[in-house]
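A short worksheet on the structure shown next.
The chains referred to below are lettered A, B, ... by the order of the sequence lines, with proteins before strands, and numbering in each begins at 1. All values reported here derive from a predicted model rather than from experimental measurement.
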Amino acid sequence: MLDNLNIPKPEEEAFFLQPTLELAQSLIGATLWRHLGSEITGGVIVETEAYISAVDPASHNYRRPSKKRAAMYGPPGTAYIYFTYGMYHCFNVVSEPEGVSAAVLIRAVYPIYGQEIMAARRRLAAPQLTMAAGPGRLCMAFALTRADNMADLRGNDLWISGPSNYYPIEKGTIRTSSRIGISSGQELQWRYYSAGCPAVSGPAALRR
DNA sequence: CTTGAGATGTTCT
DNA sequence: GAACATCTCAAGA
C-alpha cells in the first residue's frame, strides 16, 4: 500500500499538450490525486471521453462560446468543472493550447488511496470499487465542486500523476465507444475505457 | 440482469 | 419551457 511519502508527483505540461484524442487515451492508467485538508484520495483513471468544441456538436462551447465555460479555453492541465442535472458535477481535464476549447471528461477512477474517505463522501456504509464509477460519483468521492473550476492540475492540492504500479493498465486493453448521455455526435468514438475493469461506469455492455 | 421515474439547477431555444 | 457530458431506487424479467 502507498504511504504519504510515496505519492507520485504531477505530470509536466507536455503531457497535457498532447492532442485531445491522444490525451484521452494517455489519461487511462494515470492517477488522479486530491489533497483536501488532512484528507488524501487517489484513483487510477479507467474511463474518459474527449470533447473538442471546434468540430463536436456534443461539446460545450460548440458554435456558441460561453463566458461561464471559459475554463475550456484555459491552458492545458486546467480543471474544468461544471454543475449538471441539478445535482451533480462533472470533472474535465482541459487540453490543447490556451485559447482552444477542448477537454477530456474523466468518467471513472479505480480507487487506490483514501477509500474510506471516498465512501464517507458518497454516504456508503463501506468502500466499493464502483464508488467513483461515473462523473457525478467521481466528483462526490473526490469532493470536487465548481469552487475547483480553473484549478491548476499540476498543483499541490489537485494533480494527475503517471501510470500506477498498484493498478496497472495494459495499452491493449483500452477500448473505444460512443460517448454516454449525449444526443448529438454519437458517431464519434471518443469514449475510452479499460475493458472489463470493475470500476468503469455504465451497463455491462459498455464495460466489455 | 434490465427498465423507468423522479430529483434538481443552469443554460439554451 | 425543454434539455442536459447523471444517479438512485424500485419493480420486472
Side-chain angles (χ1 to χ4, degrees), chain A residues 20-21 23-25 27-28 32 43 45-74 78-96 100-111 118-151 153 160 175-208:
Chain A
T20 302
L21 296 183
L23 178 62
Q25 296 171 70
L27 281 168
I28 305 281
L32 175 66
I45 297 168
V46 294
E47 182 182 3
T48 63
E49 286 178 0
Y51 289 87
I52 304 175
S53 306
V55 297
D56 177 10
S59 174
H60 293 169
N61 294 326
Y62 177 64
R63 289 192 306 174
R64 201 179 296 265
S66 158
K67 203 174 189 179
K68 193 129 191 167
R69 294 164 167 176
M72 273 188 84
Y73 293 91
T78 300
Y80 166 45
I81 301 179
Y82 64 91
F83 189 62
T84 190
Y85 287 102
M87 333 171 89
Y88 299 108
H89 296 271
C90 290
F91 168 66
N92 299 254
V93 176
V94 174
S95 60
E96 305 293 339
V100 177
S101 179
V104 176
L105 171 69
I106 308 301
R107 285 194 58 90
V109 305
Y110 185 104
M118 294 188 212
R121 289 175 180 157
R122 288 285 326 281
R123 300 181 183 275
L124 299 172
Q128 312 278 339
L129 281 180
T130 56
M131 66 190 169
R137 289 173 172 181
L138 185 153
C139 284
M140 271 185 266
F142 280 75
L144 293 167
T145 68
R146 278 170 291 185
D148 303 297
N149 191 35
M150 302 284 273
L153 293 176
I160 288 174
R175 298 203 184 147
T176 66
S177 79
S178 289
R179 292 166 294 176
I180 295 178
I182 56 161
S183 50
S184 51
Q186 289 175 344
E187 70 282 3
L188 300 170
Q189 303 282 295
W190 285 359
R191 171 175 176 259
Y192 301 90
Y193 64 100
S194 176
C197 173
V200 169
S201 75
L206 290 175
R207 290 188 269 116
R208 285 200 297 269

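On the nucleic acid side, DNA chain C has its first and last nucleotide under 4.0 Å of a heavy atom of chain A at C:dC4 to C:dT8, going 5' to 3'. Contact footprint of chain A on DNA chain B: nucleotides with an atom under 4.0 Å from a non-hydrogen protein atom, first to last in 5' to 3' order, B:dA7 to B:dT13.
Listed by first residue number, the stems of DNA chain B with at least three Watson-Crick or G-U pairs below 3.5 Å are B:1-7 with C:6-12, B:9-12 with C:1-4.
Among all heavy-atom pairs drawn from A:Ala141 and A:Arg121, the shortest one is O-NH1, 2.9 Å.
Using a 3.5 Å distance cut-off with no hydrogens or angles, the side chains of A:Ser177 and A:Gln189 do not pair a donor with an acceptor.
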Let me have the donor-acceptor pairs involving side chains of residues 199-207 of chain A, under 3.5 Å, with sequence neighbours excluded, atom names and distances please.
| from | atom 1 | to | atom 2 | distance (Å) |
| --- | --- | --- | --- | --- |
| A:Ser201 | OG | A:Glu47 | OE1 | 2.9 |
| A:Ser201 | OG | A:Glu47 | OE2 | 3.1 |
| A:Ser201 | OG | A:Arg107 | NH2 | 3.1 |
| A:Arg207 | NE | A:Gly202 | O | 2.9 |

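Of the charged side-chain nitrogens involved, none lies within less than 4.0 Å of a carboxylate oxygen, so that A:Asp56 and A:Arg63 do not count as a salt-bridged pair.
Heavy atoms of A:Leu105 sit under 4.0 angstrom from at least one base atom. Backbone-only contact: A:Phe83 has heavy atoms under 4.0 Å from sugar-phosphate atoms and none from a base. A:Gly136 comes within contact range of the sugar-phosphate backbone alone, with a heavy-atom separation under 4.0 Å but no base atom that close.
Of the two residues contacting DNA chain B, namely A:Tyr88 and A:Lys68, the nearest-nucleotide position lying further toward the 5' end is that of A:Tyr88. Each of A:Met140 and A:Ser184 lies near DNA chain C, and the nucleotide nearest A:Ser184 is the one positioned closer to the 5' end.
With sequence neighbours excluded, the residues satisfying side-chain hydrogen bond (donor to acceptor under 3.5 Å, both in side chains) with A:Asn61 are A:Ser101. Considering only residues two or more places apart in sequence or on other chains, A:Ser194 meets the side-chain hydrogen bond (donor to acceptor under 3.5 Å, both in side chains) condition with none of them.
The shortest distance between side-chain heavy atoms of A:Tyr192 and A:Gln25 falls below 4.5 Å. Side chains of A:Tyr82 and A:His60 form a contact here, defined as non-hydrogen atoms less than 4.5 Å apart. The side-chain heavy atoms of A:Leu32 and A:Leu138, taken from C-beta on, include a pair separated by under 4.5 Å.
Remark: side-chain polar atoms of A:Ser178 are paired, donor with acceptor, to backbone N or O of A:Gln186 under 3.5 angstrom.
For the pair A:Arg179 and A:Tyr51, the cation sits on the ring face: its NZ or CZ lies under 6.0 Å from the ring centre, inside 45° of the axis.
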